[in-house]
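Worksheet for the structure shown next.
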Amino acid sequence: MASAFEGRTKPLNGRPVHTGGQTIVYWMQNSQRPHDNPALDQAIALANERGVGVTIYVALDATAPHATARTFSFLIDGLRDTVRQLGERGITAVVRAEAAVPGVVALAREAQACAVVTDLSPLRRGRRLRQEAANLIGVPLIRVDGDHIVPLRLIGKEQWAARTIRPVIHRLLPTWLQEPEAIEPQRRGLTLDSIDLAQTSTDSLLDALQIDRSVPPAEDAPPGPTEAARRLDQFVAQTLPGYAGNGRSAERAGSGLSPYLRFGQISPLRLALAARAADVPDDDRAAFLEELIVRRELASNFVAYNPAYDRLDGLPTWARETLAKHADDPRPFVYTRDEFAVAQTHDPIWNATQRELLARGRIHNYVRMYWGKKIIEWSASHAEALKTALWLNDRFALDGRSANGFTNVLWLFGKHDRPWTERPIFGTVRWMSERGVASKFELKAYLARWNLSEMTLTVAPHS
DNA sequence: ATCGGCTCGCGCAA
DNA sequence: TGCGCGAAGCCGAT
């Protein structure tokens, strides 16, 4: 087969390999997992070629936006699992509490790296950090896209909607939906000054980093690649059969794997291969692969090719124009961001969705749309609504600050969607009603679980 | 319960 | 240039 790295790999600077170097550094940004990791595999291949080992670099940067106990405990606990598994293969890890760019530049020098490999986050911040590092590092910085089944850059341009990216993906899929070749390092990585995660509790690390504790760890989501793999097995056995089944997304149980995908703790390719091999009806398999590949990679395509992925400017013309036309429509209720954040609206359904978000770091698939559409309806302006929805999702959702998070929010305003009947506030952007939710969703149980009056909100609004 | 219309524009067929 | 059809809906008619 053609090298598995072709198409996934792009050198970000023109530096020559340091031939006298002592290690290959893998700057682990997004793909925080020890297996099924093309960037790591690329690092191992380069290291074996040069007769050196692989040293992982991870920066714990407490100044990252929305660095809270929720996101950082998920990250740190997952990383502890990842680093332990890597260590068993002779791949050492350097984990430091510092800003990533100066950190990786300094480490490349300190470790006498032959080259530095990193993975791909398509978000603005990840791109900027990579570019800055590429300019400052004296050896090659090589980017490997390991978080998509079809490498992002092969799609080539921003896609209009699922129906335009779908045929492109299906054409390329036979090449990329393949069991990857396993590769093992021949030499050990370097042992350098590092936070020892095996000896450091998450709590003490959160304290040391002065992480914002006002957003507690999410319920029902123990992090780590080991847990992610366990959940995958369980999903394939229990939830995948019948996944397409009842048809209505309202009743469809989700895979529950999105937080692990978000933090790179499981590979989308592994999920797809497991679904492909599963002994389940074809339509169940197809429904899952559609969500995992077509919809997820459409989201990455959007943030990768549209710099306005978090602004109304990122919307198609028809949506921008229809929203502008309805900018001054009177709103039936107007809430501020902080009122939304503490679930203080007049609507028990909406309040329940927000409470679920606060507690679990996600909202059930179906009512998540309702949650977002009502923020549009009950905010002073469309721009304000977007700010609120993004802030709530970035801060409280485990899938916040990800391509999926941004795309889900922009979808509320018409992205990747089509126009419908014109109505107040929304114009021709799709609207959702309480009546619809009540008829399509098992509301009683949901409200009983999330709208208990005695439930205390542990999360205070915060800037 | 089910169905058609709403409304726009991409991408392909011709 | 014409035409089919689309990320999860809503509403009113039957």
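First the proteins, then the strands, lettered A, B, ... as listed; each starts at 1. The figures here come from the full heavy-atom set of this structure, side chains too, leaving out hydrogens, waters and symmetry mates.
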Can you measure [X] atom [atom1] to [N] atom [atom2] for me and round it to whole angstrom units?
X: A:L298; N: C:dA7; atom1: CG; atom2: P; answer: 9 Å
X: A:L323; N: B:dT7; atom1: CG; atom2: C1'; answer: 14 Å
X: A:K415; N: C:dA8; atom1: NZ; atom2: P; answer: 16 Å
X: A:E158; N: B:dG11; atom1: CD; atom2: P; answer: 11 Å
X: A:Y243; N: C:dA8; atom1: OH; atom2: C1'; answer: 12 Å
X: A:H416; N: C:dA7; atom1: NE2; atom2: P; answer: 10 Å
X: A:W431; N: B:dC6; atom1: CH2; atom2: C1'; answer: 14 Å
X: A:H326; N: B:dT7; atom1: NE2; atom2: P; answer: 11 Å

Where the side chain of [X] is concerned, which of [options] is the nearest nucleotide?
X: A:R423; options: B:dG9, C:dA7, C:dC11; result: C:dC11
X: A:T164; options: C:dA7, C:dG6, B:dC10; result: B:dC10
X: A:W160; options: C:dA7, B:dC8, B:dG11; result: B:dG11
X: A:R418; options: C:dC10, C:dA7, C:dG6; result: C:dG6
X: A:D417; options: C:dA8, B:dG11, C:dC11; result: C:dA8
X: A:M432; options: C:dC10, C:dA7, B:dC8; result: C:dC10

Sticking with atom [atom1], work out how far [N] lies from [M], rounded to a whole angstrom.
N: B:dT7; M: C:dG12; atom1: P; value: 15 Å
N: C:dG9; M: B:dG9; atom1: P; value: 22 Å
N: B:dG4; M: C:dC5; atom1: P; value: 14 Å
N: C:dA8; M: B:dG11; atom1: C1'; value: 23 Å

Checklist entry - So which heavy atom on A:I363 is nearest to which on A:Y446, and how close? => result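 The pair with the smallest heavy-atom distance is CG2-OH, 4.0 Å.
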Determine: side-chain N/O of [X] to OP1/OP2 of [N], distance under 4.0 Å, yes or no.
X: A:S433; N: C:dC10; result: yes
X: A:R163; N: B:dG9; result: no
X: A:Y370; N: C:dC10; result: no

Checklist entry - How are the rings of A:H346 and A:F333 set to each other: parallel, tilted or perpendicular (split at 30° and 60°)? => result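 A:H346 vs A:F333 ring planes: parallel.
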Item to check | Mate of C:dA8 where both pairing distances stay under 3.5 Å, Watson-Crick or G-U | outcome: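 In the structure as shown, C:dA8 has no Watson-Crick or wobble partner.
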Item to check | Base-pairing assignment for B:dT7 (Watson-Crick or G-U wobble, both under 3.5 Å) | outcome: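 Across all strands, not a single nucleotide pairs with B:dT7.
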Item to check | Backbone of A:D329 reached by a side-chain donor or acceptor of A:R331 within 3.5 Å | outcome: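 A pair under 3.5 Å: yes.
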Item to check | Test item: A:S73 and A:I211 side chains (from C-beta on) under 4.5 Å apart, heavy atoms | outcome: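 No; the side chains remain at least 4.5 Å from each other.
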Checklist entry - Do the side chain of A:R368 and the base of C:dA8 come within less than 3.5 angstrom through a donor-acceptor pair of N or O atoms? => result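 Result: no qualifying N/O pair found.
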Next on the checklist: I'd like to know whether the aromatic ring centres of A:W176 and A:H148 sit less than 6.0 Å apart in this structure.
Outcome noted: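 Ring-ring flag for A:W176/A:H148: false, centres at least 6.0 Å apart.
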Next on the checklist: Does A:R166 reach a base, just sugar-phosphate, or nothing at all? Heavy atoms under 4.0 Å.
Outcome noted: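 Since only primed, P, OP1 and OP2 atoms lie under 4.0 Å of A:R166, the category is sugar-phosphate.
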Item to check | From A:Y309, A:W411, A:F302, residue fulfilling ring pair (Phe, Tyr, Trp, His ring centres under 6.0 Å) relative to A:H416 | outcome: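 Of the listed residues A:Y309, A:W411, A:F302, the ring pair (Phe, Tyr, Trp, His ring centres under 6.0 Å) partner of A:H416 is A:F302.
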